[in-house]
Amino acid sequence: MLKESKAFSGFSVNDIQKAKDFYGRTLGLQVSESHGLLTLQLAGGNKVLIYPKVNHAPATFTVLNFPVENVDDSVDELAKRGVRFEIYDESDIKTDEKGIMRGNGPTIAWFKDPAGNVLSVIEETP
């Protein structure tokens, strides 16, 4: 029954206008708004729904991963746009001064949207 359904994911934010500005202007994604909800139009025709929630609590896990050819270049470009990358120094997750984890799985860097949800740029492997 659901095999042919074009499923999509979604997550909440506490301020739709801040989210719209961040995803549209800062990240450069195509964002549409309808009935107080945002839809991110991603490459390949994928969509993500962003909805307001009064008692929003930021996700403590990565809600959206952006595969990129080169994490270093992406981190540099996003940092110029004001994105701050998370620095982790935990037993299983350690990042460098730029916020990039290397050599422990895929090369990846995490950052947060204005609502505190965790996003990443993750290096595609050929």
Side-chain angles (χ1 to χ4, degrees):
M1 174 175 94
L2 298 179
K3 183 177 178 181
E4 300 302 319
S5 176
K6 295 185 184 203
F8 60 91
S9 183
F11 55 88
S12 71
V13 296
N14 56 355
D15 187 317
I16 284 291
Q17 290 310 310
K18 282 184 182 177
K20 185 176 183 180
D21 185 57
F22 177 77
Y23 286 97
R25 292 181 190 222
T26 304
L27 299 187
L29 301 175
Q30 183 180 348
V31 180
S32 59
E33 184 174 2
S34 179
H35 305 290
L37 306 173
L38 300 179
T39 299
L40 303 180
Q41 307 288 335
L42 303 175
N46 297 321
K47 295 179 183 179
V48 173
L49 179 71
I50 299 177
Y51 54 93
K53 188 173 178 190
V54 175
N55 60 347
H56 165 76
T60 58
F61 52 88
T62 309
V63 298
L64 191 55
N65 296 286
F66 293 95
V68 296
E69 287 185 25
N70 186 295
V71 168
D72 279 281
D73 292 346
S74 297
V75 166
D76 291 344
E77 180 59 35
L78 289 169
K80 288 178 191 173
R81 297 179 186 192
V83 174
R84 290 183 44 232
F85 286 85
E86 299 297 303
I87 304 296
Y88 295 110
D89 188 14
E90 300 172 13
S91 60
D92 56 338
I93 299 176
K94 293 188 186 302
T95 59
D96 62 19
E97 67 281 350
K98 287 174 67 173
I100 302 172
M101 183 180 78
R102 306 168 196 275
N104 184 20
T107 302
I108 187 169
W110 293 275
F111 59 102
K112 294 181 179 177
D113 72 4
N117 294 310
V118 180
L119 314 170
S120 84
V121 287
I122 183 168
E123 202 156 296
E124 290 183 299
T125 53

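Counting all heavy atoms, side chain and backbone alike, Val118 lies closest to Ala59 at CG2-O, 3.7 Å. The two residues Pro58 and Gly116 have their closest heavy-atom pair at CB-O, 3.3 Å. Closest heavy-atom contact between Ile16 and Ile50: CD1-O, 3.9 Å.
Partners of Lys18 according to the salt bridge (Lys or Arg N to Asp or Glu O under 4.0 Å) rule, which considers only residues two or more places apart in sequence or in another chain, do not exist here. Residues passing the side chain to side chain donor-acceptor pair (under 3.5 Å) test with Thr62 are Trp110, sequence neighbours excluded. With sequence neighbours left out, the salt bridge (Lys or Arg N to Asp or Glu O under 4.0 Å) criterion links Arg81 to Glu77. Considering only residues two or more places apart in sequence or on other chains, Asp15 meets the salt bridge (Lys or Arg N to Asp or Glu O under 4.0 Å) condition with none of them. Looking at residues two or more places apart in sequence or on another chain, you find a side-chain contact (heavy atoms from CB on, under 4.5 Å) between Glu90 and Tyr88, Asp92. Applying the side chain to side chain donor-acceptor pair (under 3.5 Å) test to Asp89 and every residue at least two apart in sequence or in another chain returns Lys94. The ring pair (Phe, Tyr, Trp, His ring centres under 6.0 Å) check on Phe8 picks up nothing, with sequence neighbours excluded. Take Phe111 and apply the ring pair (Phe, Tyr, Trp, His ring centres under 6.0 Å) test, not counting sequence neighbours, and it matches Phe85.
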Enumerate, atom names and distances included, each donor-acceptor pair closer than 3.5 Å involving a side-chain atom of residues 30-42, sequence neighbours excluded.
from: Glu33; atom 1: OE1; to: Lys20; atom 2: NZ; distance (Å): 3.0
from: Glu33; atom 1: OE2; to: Gln17; atom 2: NE2; distance (Å): 3.3

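When the side chains of ILVMFWY residues are joined at heavy-atom separations under 4.5 Å, either directly or via intervening members, Phe61 and Tyr51 end up in two distinct hydrophobic clusters. Cluster membership check: Val63 does not share its hydrophobic cluster with Ile108, using side-chain heavy-atom separations under 4.5 Å among Ile, Leu, Val, Met, Phe, Trp and Tyr. A continuous path of ILVMFWY side-chain contacts below 4.5 Å connects Val48 to Leu27, so both sit in one hydrophobic cluster.
Separating the CG atom in Asp113 from the CZ atom in Phe22 is a distance of 6.0 Å, to the nearest 0.5 Å. Here CD1 of Ile122 is found 12.5 Å from CD1 of Ile100. Values are rounded to the nearest 0.5 Å.
For residues 100-109, the pairs satisfying salt bridge (charged side-chain N to carboxylate O under 4.0 Å, His left out) are Asp72-Arg102, Asp96-Arg102, with sequence neighbours left out. Judged as a side chain to side chain donor-acceptor pair (under 3.5 Å), the pairs with a partner in residues 1-12 (not counting sequence neighbours) are, in order, Ser12-His56. Applying the salt bridge (charged side-chain N to carboxylate O under 4.0 Å, His left out) test to residues at least two apart or on different chains, none of the pairs has a partner in residues 49-64.
Looking only at side-chain heavy atoms (C-beta outward), Leu64 and Asn117 stay at 4.5 Å or farther from each other. A heavy-atom distance below 4.5 Å is found between the side chains of Met101 and Ile93.
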